[in-house]
Protein chains: 2
Amino acid sequence: MNPRNPKKRSVPPKERDNSRRPTIYDVSRCSGFSTATVSRVFANYPGVSRSTRDRVLEVSRDLGFSPSHIGRCLAHGSTGNVAVMFPDMASGFYAEVLAGIDEVLAEHGFNTLTAFYGRGRDAKSVFTRLNSGFLADALIIASSYDIGDVSQWSGSCDTPMVLLDRPLAKAGISTVCIDNASGVAAMVRHLHTNGHRRIAVISGPEGTWDAEQRMASYRVAMQEIKLEVNPLLIWAGNFTFESGRHAMRTALAGRLPVDAVFCFNDEMALGAIAAINEAGLKVPDDIAVAGFDGISAAEGVQLTTVACPMRTVGRSAGTMAVSLIKGTERPRDQVIPVRLVIRSSSGKRAAHWTKAM
Amino acid sequence: MNPRNPKKRSVPPKERDNSRRPTIYDVSRCSGFSTATVSRVFANYPGVSRSTRDRVLEVSRDLGFSPSHIGRCLAHGSTGNVAVMFPDMASGFYAEVLAGIDEVLAEHGFNTLTAFYGRGRDAKSVFTRLNSGFLADALIIASSYDIGDVSQWSGSCDTPMVLLDRPLAKAGISTVCIDNASGVAAMVRHLHTNGHRRIAVISGPEGTWDAEQRMASYRVAMQEIKLEVNPLLIWAGNFTFESGRHAMRTALAGRLPVDAVFCFNDEMALGAIAAINEAGLKVPDDIAVAGFDGISAAEGVQLTTVACPMRTVGRSAGTMAVSLIKGTERPRDQVIPVRLVIRSSSGKRAAHWTKAM
DNA sequence: CTGAAAGCGCTAACAT
DNA sequence: ATGTTAGCGCTTTCAG
């Protein structure tokens, strides 16, 4: 016999071997129907007789057969999964976004491929890996870190992309972002309403979209209520607890009079509160504090904050990815609304103080 | 010409079409080498001459070719990815584990497929989807929720599995868990050393491994230091902030004398602290509080806790999955050590009190 | 309603 | 060192 078997296979290539995953050929042989029919059954095609369908399913069950995703993909020319790129930071924040994405993708029959960048893993190479190997039908990128101009990375054979947190106009790239401007404006107005005038800021890291947008919005909002922005009351942070504590300590040491501190995320606000307590001062009596994000720990310390519905963000991104894949039309960029959550940390200035203004 | 083209293809089946991803055939044709050679180049096989390799890479670059993951998988008979199942809860906790897993998997060239269960998505069906479609070469399951007996789910054609948080002896299933017993023992001893005697507990939800193990360890630890376990001082929680607050409020209303409250996770501890503060009492002067997990917010309120290195847990699980796939030997179950982190929330009893004992 | 067989992109024997 | 070609498991015309 010729070592290379010239026989075309309409029959299974090998006999059924229990260690192997059963294939559509096994089902074909055991049921007596062709592989085409078996395929039709599992693809839920209409034109299969009831009895045939039942028989095929029965045999499949006995054999333990279920169609191979890989085989299907190859035949279809699509992968059936969507890749998601996140910065490697352990915030429940991103976990929630991811869950939202996965929720939608699962509803549409897609799998979620997750990859982290940062911590020594270069965003661009992660992107390249995900984008070039035909690994996914679409790519969702959380880019709140500054990872450079994503639109420059894409090569010729591009996967549709959804960007989180950063708008970017380019064909095939859709974006979903948080409504930073409204959130900041609402918070500044709230602090003002509560009698605070000297509203300091602990900002986020330079180069990150959210931080920069929040800062810009802060300036606008302050101007709108005719408050002056004092550059001495803008302290640098990097979105970590420690940076918030550090900034607040330094600020307190400087002894500049401050009514309220608006931290550009909750983690830093927690840090700021810690520093204030350590200094023997009280929130909100001595200094009011506000945050941004709405993480669960914020509730614990009664932190006034801007709640971002991260699950909604995730769902929105997932939905976009799906419609980008289905390709009916380019989905419109989305801006997810946020909500001001007022708790005691932003408490009113003492009445006499307010009146004195 | 016959509608079905009978020609075998050693040449590309279609001519190069710019809208298509370039395939190995395109590279073959344009470079003049066979697909086998191109394949060898990309698989980094030794037996390819320098000049050939360079030419192939050059052409590939020009064409924008990179090997299709799907094609490779089908030929190899493996998927190149590992699936991870998590409960759908937005804790930074699991995000950290996931990042650790992905870190290791990426190092070994695997992709991470993520899927959540809970919130209306049944754990078993998620499992079935992941396990039956030949989607992944291994499966990592975080099972801290009670999701039933995983070992019963597996069918005949099983993917190797790694279980997080729950030991389970079965061939092909490895586990990695937190050292709950040591953590709880260390904490109880610490509280005892600090002069606390009436050590209450806010427990986790029944049916979850961690909660039950911590409870059992608590009893053992109390016995070892000759303290009696008072059933009236064991309050039910479910690992959420709110449940911690609620339990603590109820407890305070009951006016039973308590020195310290050991909450079985940090979220509940934060809730308990909130309740204590609301009642006008002070931590640790009136009641000491301790937690478990080591989430970042714990630092903010100076919470004494048991730090679980979630990244290590993730890395360990990833490593296990890889060795299960490589199949050299069944990796040994791992118990990840934890560390007692002492902060001010567990502060010493006032001196006179201690002496009075 | 069902069957035959040609791919999908790549790998790995086997050949030279 | 390089080429040839039979699969990997499934889908999908095209024929009947």
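Residue numbers start from 1 in every chain, and the chains themselves are labelled A, B, ... in the order their sequence lines are given, proteins ahead of strands. Because the structure is a prediction, the values reported are computed rather than measured. Every heavy atom of this structure was used, including side-chain atoms; hydrogens, water molecules and symmetry mates were not.
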Counting distance only, does the side-chain N/O of B:Asp26 pair as donor-acceptor with the main-chain N or O of B:Thr23 below 3.5 Å? yes
State which residues pass salt bridge (charged side-chain N to carboxylate O under 4.0 Å, His left out) with A:Asp122; sequence neighbours excluded, sorted by chain then number. none
Find the distance B:Phe65:CZ to C:dC8:P and express it as a whole number of Å. 14 Å
A:Gly32 or B:Gly71: which one's nearest nucleotide on DNA chain C is closer to the 5' end? A:Gly32
Look up atom CG in B:Leu113 and atom CG in A:Asn81, then write down how far apart they are to the nearest 0.5 Å. 6.0 Å
Picking from C:dA13, C:dT2, C:dG9, which would you name as closest to the side chain of A:Thr37? C:dT2
Whole-Å distance between C:dG9 P and B:Ile24 CD1? 11 Å
Check the distance between D:dC10's C1' and A:Arg21's CZ and give it to me in whole angstrom. 12 Å
When rounded to whole Å, the OH to P distance for the pair B:Tyr25 and C:dG9 reads 9 Å
Candidates D:dT11, D:dT13, D:dG3 - which lies nearest the side chain of A:Arg40: D:dT13
C:dT2, OP1 or OP2 - any side-chain N/O from A:Thr52 closer than 4.0 Å? yes
To the nearest Å, give me how far apart CG (A:Asp54) and P (C:dC1) are. 13 Å
Output, in order, the C-alpha distance, side-chain angles, deciding distance and verdict of salt bridge (charged side-chain N to carboxylate O under 4.0 Å, His left out) for A:Glu58 and A:Arg55. CA-CA 5 Å; A:Glu58 184 188 346; A:Arg55 176 70 188 137; 3.6 Å; yes
B:Ser39 side-chain N/O to B:Thr35 backbone N/O, donor-acceptor pair under 3.5 Å: no
Starting at CZ of B:Phe65, measure out to OG of B:Ser31 and round the result to the nearest 0.5 Å. 10.5 Å
Which is more 5' along DNA chain D, the nucleotide nearest B:Cys73 or the one nearest B:Phe33? Just name the residue. B:Phe33
Can you tell me how far P of D:dG9 sits from CG of A:Leu63, to the nearest Å? 13 Å
Given C:dG3, D:dT2, D:dC8, which nucleotide is nearest the side-chain atoms of B:Ala75? D:dC8
May I ask you to say what A:Gly47 touches in the nucleic acid, namely base, sugar-phosphate or nothing, with a heavy-atom cut-off under 4.0 Å? base
Find which nucleotide of DNA chain D each of B:His76 and B:Ser49 is nearest to by heavy atoms, and output the residue with the more 5' nucleotide. B:Ser49
As a test of reading the structure: which of D:dT12, D:dG3, C:dG3 is closest to the side chain of B:Ser34, going by heavy atoms? D:dG3
Using whole Å, what does the distance between atom P of nucleotide D:dT11 and atom OH of A:Tyr45 come to? 8 Å
Listed nucleotide nearest any side-chain atom of A:Arg72, set D:dT11, C:dT2, C:dA13: D:dT11
Which of these nucleotides, C:dC10, D:dT11, D:dG9, is closest to any side-chain atom of A:Ser39? D:dT11
Could you tell me whether the phosphate oxygens of D:dG9, OP1 or OP2, come under 4.0 Å of any side-chain nitrogen or oxygen in A:His69? no
Selection from C:dG3, D:dG3, C:dC1 that lies nearest to any side-chain heavy atom of A:Ala36: C:dG3
When rounded to whole Å, the CG to P distance for the pair B:Leu74 and D:dT11 reads 12 Å
